[in-house]
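Have a look at the structure below before the remarks.
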Amino acid sequence: IRNPWPFNAGATDIVYSYDAQALTELAEKVKDTVCQDYDKGGLWNPETGRFAWGIFDEGSADGAKGEPMDYGHTEANLTAIMCGLASEEQTESILSWLDGSRIVKGDNSTGEDIYFYEFGPRLCTKDQRNSSNTVVQLKEFGTDIQNGGISAHISYYDLMARNNVLGADNSFERFKAIQKWYEKVQAAGGEGQNFYIQYYAHICKKEGHPST
């Protein structure tokens, strides 16, 4: 394995000698570490009952060193459930946040609004315009895919997490809800790359709140 950046300039060989057992033990160690509270070296935020996306370092613009970068990133939390990283207690906490039965103080989107787009949860539930994880200038919460909007791939993690924890029937029920949503948007004129963008732009303009 070679150093990947910058383009192998001055790269040295990195040799790994892991066997199957060593990799299994390493995987368990990574899992245990990730699931620890953020102040103990992990990514779990006990204040919000979900995983943070990362931990701020001393050069971060929007958080103190050692604090969790937690804007309610749904993809990261659903992936943790799908891959079996989250403990049973953590899984219950995450799912209760996403289904709206548990409100996280400080979030911009709570309750049923998390599934405003119907086919999946918002990418994040808290305004992250000040986030140091992107060089893109984000727009107001709900008007940008990265800031309260949605990307279709999140539905995959949602379906898989449900299947692994809540069972195939629950996952299939969600899948059928997505189908119903698709048919509704299609009937309203949705097509091509802007399949649902114009649909929600019309709804939000009518209801007087932002969306993407």
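Since we're looking at a predicted model, the values are computed, not measured.
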Close side-chain approach of Tyr18 to Leu26, heavy-atom, < 4.5 Å: yes
For a 4.5 angstrom cut-off between non-hydrogen side-chain atoms, does Phe141 reach Arg129? no
Indicate the atoms forming the closest heavy-atom contact of [X] with [Y], along with that distance.
X: Leu78; Y: Pro121; result: CD1-CG, 4.1 Å
X: Phe56; Y: Ala64; result: CB-O, 3.3 Å
X: Gly42; Y: Ile55; result: O-CD1, 3.8 Å
X: Ile81; Y: Val165; result: CG2-CG2, 3.4 Å
X: Gly54; Y: Leu43; result: CA-CD2, 4.0 Å
X: Asn77; Y: His73; result: ND2-O, 2.9 Å

Please answer whether the main-chain N or O of [Y] pairs with a side-chain N or O of [X] as donor and acceptor at a distance below 3.5 Å.
X: Gln128; Y: Gln146; answer: yes
X: Asp37; Y: Asp39; answer: no
X: Lys31; Y: Gly84; answer: yes
X: Thr74; Y: Leu123; answer: yes
X: Asp19; Y: Ala22; answer: yes
X: Ser155; Y: Phe119; answer: yes

Residues passing the ring pair (Phe, Tyr, Trp, His ring centres under 6.0 Å) test with Tyr156, sequence neighbours excluded, are none
Name all residues meeting the ring pair (Phe, Tyr, Trp, His ring centres under 6.0 Å) criterion together with Trp97; count only those two or more places apart in sequence or in a different chain, and write none if there are none. none
Tell me every residue that passes salt bridge (Lys or Arg N to Asp or Glu O under 4.0 Å) with Arg162, counting only those two or more places apart in sequence or in another chain. Asp158
Just wondering, are more than 12 heavy atoms of other shown residues or ligands nearer than 6.0 Å to [atom1] in [X]?
X: Glu173; atom1: CD; value: no
X: Lys184; atom1: NZ; value: yes
X: Glu112; atom1: CD; value: no

Can you name the side-chain contact (heavy atoms from CB on, under 4.5 Å) partners of [X], sequence neighbours left out?
X: Lys139; answer: Thr143, Asp144
X: Thr24; answer: none
X: Gln179; answer: Lys176, Glu183
X: Asn163; answer: Ala168, Ser171

Determine the interplanar angle of the Phe175 and Phe172 rings, folded into 0 to 90°, and report it as parallel if under 30°, tilted if 30 to 60°, perpendicular if over 60°. parallel
[X]: side-chain hydrogen bond (donor to acceptor under 3.5 Å, both in side chains) partners, not counting sequence neighbours:
X: Asp57; answer: Ser60
X: Tyr38; answer: none
X: Asn108; answer: none
X: Asp99; answer: Ser101

Is any NZ, NE, NH1 or NH2 atom of the basic residue among Lys126 and Asp70 found under 4.0 Å from an Asp or Glu carboxylate oxygen of the other? no
I need the full list of side chain to side chain donor-acceptor pair (under 3.5 Å) pairs touching residues 78-93, with sequence neighbours left out, sorted by first then second residue. Ser87-Gln90, Ser93-Arg102
